[in-house]
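Shown next, in structure tokens, is the structure this report addresses.
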Amino acid sequence: MQRILEGKTGLVLGVANKRSIAWSCAQSLAGAGMRLALTYQGERMEKGVRELAAELPGSIALPCDVAQDESLDALFAAVEKEFKGLDALVHAIAFAKREELTGDFFNTSKEGWTIAQEISAFSLVALTRRALPLMEGRSGSIVTMNYNVMGVAKAALEASVRYLANDLGPRGIRVNAISAGPLRTLSSAGIAGFTEILDHVAARAPLRRNITAEEVGDTCLFLASPMSRGITGSVIHVDAGYHVMGV
Ligand SMILES: NC(=O)c1ccc[n+]([C@@H]2O[C@H](COP(=O)([O-])OP(=O)(O)OC[C@H]3O[C@@H](n4cnc5c(N)ncnc54)[C@H](O)[C@@H]3O)[C@@H](O)[C@H]2O)c1
């Protein structure tokens, strides 16, 4: 791997364990030479994420719950102290209450709707606002994860990518989303019928297989690197081509 991100720094949110998409992104970015701050959500995740961060040279682990403004402020104060500036922000966070992922959509509760929107979509805006002063003048890149599950929150996230791309473009900062095919992770374990979804995609996708988390990580590397300098406001599908099929 060419070390095209040597001397650059990144903040990666969403590592829960080795299966997390955020972890694959972190491995690809660190493999290209980027120093990273990984975040963990609460003490329960701390030990595991600290151990993972220790596998990436020069990288650190910091706490962050995106639902708490003080937690976000503390995160960026710590990142500024450690890195001074920031070249990449990777947002691989989503949350919906398990009961909201099953059953009829019209039964969605107001509370369930609000939590999913706050954690899965608004958090990108809240993070971007705080990252901006650190990314100024560095040709930064912001990458988030889209998905066709949790469609309402993801629609808001995708629209936010376009608004943020327009806001930040004049400052030389790009904002893009990756729409990944299904992957077995802690979060997807909560989706009813997930094994059937994997089988269905593998049977019908143009590449006739499912994707790997490493493939998402490498696309994140591309979007965080100058190789993608002409791309912003876009959704890149890493789904073995499944999205082109009308079946
Ligand atoms: N697994 C899939 O099939 C798949 C496919 C496409 C996109 N995605 C998206 O990828 C992203 C990462 O999910 P994953 O599948 O790697 O699962 P994951 O469970 O490994 O990661 C989800 C992360 O969100 C974090 N999180 C949730 N609430 C938080 C909060 N309040 N503050 C801080 N962090 C919080 C969790 O700690 C966890 O690290 C999500 O946006 C998901 O929708 C997943």
Side-chain angles (χ1 to χ4, degrees), residues 11-27 37-50 52-53 61-75 89-98 100-101 112 114-124 126-127 130 142-158 160-161 176-202 205 210-217 219-220 235-240 242-243:
L11 173 60
V12 178
L13 296 105
V15 180
N17 57 36
K18 270 188 185 296
R19 284 184 174 271
S20 296
I21 292 177
W23 175 239
S24 294
C25 295
Q27 285 178 296
L38 308 183
T39 67
Y40 54 88
Q41 182 199 3
E43 281 168 25
R44 210 164 39 90
M45 304 268 184
E46 178 170 1
K47 186 167 177 283
V49 177
R50 281 200 186 285
L52 290 175
L62 297 167
C64 181
D65 180 342
V66 296
Q68 317 275 342
D69 280 354
E70 323 78 72
S71 177
L72 287 167
D73 292 339
L75 170 68
L89 170 69
V90 178
H91 173 271
I93 287 177
F95 179 76
K97 292 167 118 188
R98 191 173 278 251
E100 305 284 351
L101 290 171
T114 307
I115 293 178
Q117 289 284 352
E118 179 187 0
I119 307 301
S120 314
F122 178 72
S123 62
L124 178 69
L127 286 161
R130 289 170 174 85
I142 298 172
V143 182
T144 185
M145 299 297 150
N146 203 357
Y147 197 21
N148 58 6
V149 173
M150 297 174 60
V152 175
K154 292 299 188 182
L157 181 70
E158 208 176 298
S160 303
V161 165
N176 292 290
I178 296 173
S179 183
L183 285 164
R184 271 189 205 286
T185 63
L186 196 60
S187 294
S188 64
I191 300 168
F194 194 72
T195 303
E196 287 74 38
I197 295 174
L198 283 168
D199 292 346
H200 177 86
V201 169
N210 280 296
I211 58 151
T212 66
E214 290 71 29
E215 289 166 342
V216 181
T219 304
C220 178
V235 179
I236 310 256
H237 294 264
V238 183
D239 64 350
Y242 183 75
H243 72 285

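Counting starts at 1 for both ligands and their atoms, in listed order. What you see is a predicted model, and the numbers here were worked out from it, not measured in a lab.
Tested against Cys64 for a side chain to side chain contact (heavy atoms under 4.5 Å, CB included), the candidates Leu11, Leu13, Ile93 yield a single pass: Leu13.
Using a 4.0 Å cut-off between heavy atoms, Ile119 contacts ligand 1 through its side chain alone, with no backbone atom that close. Contacts between Val15 and ligand 1 below 4.0 angstrom, taking non-hydrogen atoms only, involve the backbone exclusively. Contact annotation for Trp23 and ligand 1: no heavy atom of the residue comes within less than 4.0 Å of the ligand. Of the heavy atoms in Ser179, none comes closer than 4.0 Å to ligand 1.
Annotation: side chain of Arg130 is not in contact with side chain of Leu75 (no heavy-atom distance under 4.5 Å). Taking 4.5 Å as the limit, every side-chain heavy atom of Leu186 sits out of range of all side-chain heavy atoms of Arg19. The side-chain heavy atoms of Phe194 and Arg184, taken from C-beta on, include a pair separated by under 4.5 Å. Side-chain contact check for Ser24 versus Val216: every heavy-atom pair is 4.5 Å or farther apart. In this structure, the side chains of Asn176 and Ile142 stay at 4.5 Å or more apart for every pair of heavy atoms. Contact annotation: the side chain of Val143 never approaches that of Cys25 to less than 4.5 Å [non-hydrogen atoms, C-beta and beyond]. A 4.5 Å side-chain heavy-atom check between His200 and Tyr242 finds at least one atom pair inside the cut-off. In this structure the side chain of Leu52 reaches within 4.5 angstrom of the side chain of Trp23, judged on heavy atoms.
For atom 17 (O) of ligand 1, the closest non-hydrogen atom of the protein is Ser187 OG, 3.1 Å. For atom 34 (N) of ligand 1, the nearest protein heavy atom (residue, atom name, distance) is Ile93 CD1, 3.6 Å. Looking from atom 41 (O) of ligand 1 to the surrounding protein, the closest heavy atom is Lys154 NZ, 3.0 Å. Summary of contacts: the protein heavy atom closest to atom 37 (O) of ligand 1 is Gln41 OE1, 2.8 Å. Looking from atom 31 (N) of ligand 1 to the surrounding protein, the closest heavy atom is Asp65 OD1, 2.9 Å. Here the heavy atom of the protein found nearest to atom 32 (N) of ligand 1 is Val66 N, 2.9 Å. Ranking the protein heavy atoms by distance from atom 39 (O) of ligand 1 puts Gly14 O, 2.8 Å first. With hydrogens left out, the protein atom closest to atom 12 (C) of ligand 1 is Ala92 O, 3.2 Å, a heavy atom.
Distances from atom 9 (C) of ligand 1 to the heavy atoms of Met145, His91, Arg184 put Met145 nearest. Scanning Thr185, Val12, Ile21 for the heavy atom closest to atom 4 (C) of ligand 1 points to Ile21.
Under the 4.0 angstrom criterion for non-hydrogen atoms, Tyr40 is not in contact with ligand 1. Contact analysis puts Gly181 in contact with ligand 1, with a non-hydrogen atom separation below 4.0 angstrom.
The minimum heavy-atom distance linking Leu183 with Ser188 is given by the pair O-OG, 2.7 Å. Minimum heavy-atom separation, Ala180 to Ile211: CB-CD1, 4.1 Å.
Between Leu183 and ligand 1, at least one pair of N/O atoms sits closer than 3.5 Å. Ligand 1 has no N or O atom lying under 3.5 Å from any N or O atom of Ala22, backbone or side chain. Checking only distances, Ser20 does come within under 3.5 Å of ligand 1, N or O to N or O.
Below 4.0 Å from some heavy atom of Phe194 lie the following atoms of ligand 1, by number and element: 3 (O). Numbered from 1 in the order shown, with element, the atoms of ligand 1 that lie under 4.0 Å from a heavy atom of Leu186 read 19 (O). Residue-ligand proximity, Pro182 to ligand 1, at heavy-atom distances under 4.0 Å covers atoms 3 (O). Within the listing of ligand 1, atoms 32 (N), 33 (C) sit less than 4.0 angstrom from a heavy atom of Cys64. Ligand-side atoms of ligand 1 in range of Ser188: 1 (N), range being under 4.0 angstrom from any heavy atom. Close contacts of ligand 1 with Asn146, meaning ligand atoms under 4.0 Å from a residue heavy atom, involve 6 (C), 7 (C).
Although no hydrogens or angles enter the test, the distance criterion places no donor-acceptor pair under 3.5 Å between the side chain of Glu100 and the main chain of Lys97. In this structure a side-chain-to-backbone donor-acceptor pair under 3.5 Å is present from Ser20 to Asn17.
Side-chain contact of Asn146 with Glu158: a donor-acceptor pair under 3.5 Å is present, judged by distance alone. A side-chain N or O of His91 and one of Ser123 form a donor-acceptor pair less than 3.5 Å apart.
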